[in-house]
Protein chains: 2
Amino acid sequence: MPPMDEAAIHAILSRVILSRRLPGRTKLGEVRLAELFGVSRERIRKVLHRLGHERLIDVVKNRGAFTVAPDLSEIHVVFEARRILEGGIAAHLAERLTDAGMLRLREHVEREAEALRSGDRATWLKLSAEFHVLLAELTENPIIVQQARELVGRTTMLATFFESSSGSQCGCDEHRAVFRALAAGERGRAVRAMSSHLAQVETRLKPFACTDAGPDLDSLIGEYAAELGGEVSVG
Amino acid sequence: MPPMDEAAIHAILSRVILSRRLPGRTKLGEVRLAELFGVSRERIRKVLHRLGHERLIDVVKNRGAFTVAPDLSEIHVVFEARRILEGGIAAHLAERLTDAGMLRLREHVEREAEALRSGDRATWLKLSAEFHVLLAELTENPIIVQQARELVGRTTMLATFFESSSGSQCGCDEHRAVFRALAAGERGRAVRAMSSHLAQVETRLKPFACTDAGPDLDSLIGEYAAELGGEVSVG
DNA sequence: GATACGGCAATTGTGCACAATTTGCGCCGA
DNA sequence: TCGGCGCAAATTGTGCACAATTGCCGTATC
């Protein structure tokens, strides 16, 4: 079998970590991961440091890498950061949205509605996240796009696993409200719509976010590796 | 002499790069830097990859690290990103600023005015940058603080070298205007004040931002190393 | 004269072996 | 019995040597 490349390992570990399904402060030992993926320790080390820099794990000098505790306060921090950043994005776009941009937004919201109608939950979740990234892209500012992508990424996985399906109906309407305010060029209303939408998503998430004991690292890696088409030797 | 640690090398190279005084696409060879700093190639490599992840340099696989071209469009992108992010911060703070926070802001603005009066240009520049970081800190959100710090850092050095001294008077008034709007709790005015302030800073910078041929890498490293108190063997 | 091919030098990527640090456990003493 | 000390095992950090890739230059051919 061909040795796995760095990008693939990073993708798998990202998913595993973002899924929040393994307990907080789980140690990610270099040798163990190296054996699991069938690669050398140095390759794992590089990925681990990269993940550490992306704040997905906590890397302590001379002690190794650990998952961060999935505590409620962090969820709140992430969502508050999103309210601030995406509030700024909404305010910016309200005064600068082009016709082409408006069209892209409208089409996106309609696709969301379609996915929701047809009961395609997976597609709808993906589109819901992409709505926020799309807004960032409409600013045509690569820095903002990257920051937004990072924050959205940190919440997407949470939604995938924890959002109650009962609340699904709301999301689409909330996106539509943001879109309408932007299309009307009403800055204040757009910011408020975005802010309250994010607050509601956070509320829907909270009751489900406490998972202490989950499956172990080995099986999780196997699971996500299969999902991404990679081969992993799980003993 | 004791070997330099990774943090120190990173600090020096950050300053060198952020100073924008070396031409775009300058190659940062691993062996050359290793000899300059008197450390092994692996240590340099690690710092280089970190800088690459921080987007301060461009790291291409199998080809090495290069400085990014200091073109005007990037300056515009950074400032636009700041207008979006810090606009969001201002909007957030306008409705949530505590008395303690207001006091800290007031004191900071007064210190800026004092530095400006006494003609202490270096202190004033430092305080000017810190005003924006302080605003981010008042949100008490670590993610926002980090993002703001990163963007402010990318503009601070530019200001240090390129801002015309004639325009100095304005900055303090503009900060005061932001502070007043926040203290009054007027969200719209705060956002506008922040946005126009950043736009003016950008305007003041632009005419000075085009430096094609500058000093070479060796002397720059020596210069900044001396500034930080480190020892470097410059042949 | 221009272009395409091939070999060479330089530079980066990778795996390995060793050094340094941490930590858990056991032992001794109070 | 409890606290401190010290050693040993495990784990991470570092430097070195080698492999792989890239870009360049010389040459040959059309």
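Chain A is the first sequence line, chain B the second, and so forth, proteins listed ahead of strands; every chain is numbered from 1.
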Using whole Å, report how far CG of Leu28(B) lies from P of dT11(C).
-> 13 Å
Look at the rings of Phe131(B) and His175(B) and say which category their plane angle falls in: under 30° parallel, 30 to 60° tilted, over 60° perpendicular.
-> parallel
Is any side-chain N or O of Arg41(A) under 3.5 Å from a base N or O of dG13(D), one able to act as donor and the other as acceptor?
-> yes
Would you indicate whether the side-chain heavy atoms of Lys27(A) and Arg32(A) approach each other to under 4.5 Å?
-> no
Ignoring backbone atoms, establish whether Arg63(A) has a side-chain N or O less than 4.0 Å from OP1 or OP2 of dT11(D).
-> no
Nearest-neighbour nucleotide for the Arg43(A) side chain, dG13(C), dT14(C), dG13(D) considered | dT14(C)
Between His197(B) and His132(B), is the ring centre distance below 6.0 Å?
-> yes
Mind checking whether Leu85(B) and Ile144(B) have side chains closer than 4.5 Å, heavy atoms only?
-> yes
Given atom NE2 of His49(B) and atom P of dT11(C), what is their separation to the nearest angstrom?
-> 16 Å
Flag the pair Glu202(A) / Arg83(A) as yes when at least one side-chain heavy-atom distance between them is below 4.5 Å, and no otherwise.
-> yes
Between Lys27(B) and dT22(D), does any side-chain N or O lie under 4.0 Å from OP1 or OP2?
-> no
Tell me: CG of Leu48(A) to P of dT11(D), nearest whole Å?
-> 14 Å
Picking from dT12(C), dA17(C), dG13(D), which would you name as closest to the side chain of Arg45(B)?
-> dT12(C)
For Asn62(A) and dT21(C), give me the distance from atom CG to atom P, rounded to whole Å.
-> 7 Å
Between Ile44(A) (CD1) and dT14(C) (C1'), how many Å, whole number?
-> 14 Å
Return the 5'-most residue of the pair Lys61(A), Glu6(A) with respect to DNA chain C, ranking by each residue's nearest nucleotide.
-> Glu6(A)
Nearest-Å distance, NZ (Lys46(A)) to C1' (dG13(D))?
-> 16 Å
What is the distance, rounded to the nearest whole Å, between atom CZ of Phe37(A) and atom P of dG15(C)?
-> 15 Å
When we call it a touch if two heavy atoms are under 4.0 Å apart, what does Glu42(A) touch: a base, just sugar-phosphate, or nothing?
-> base
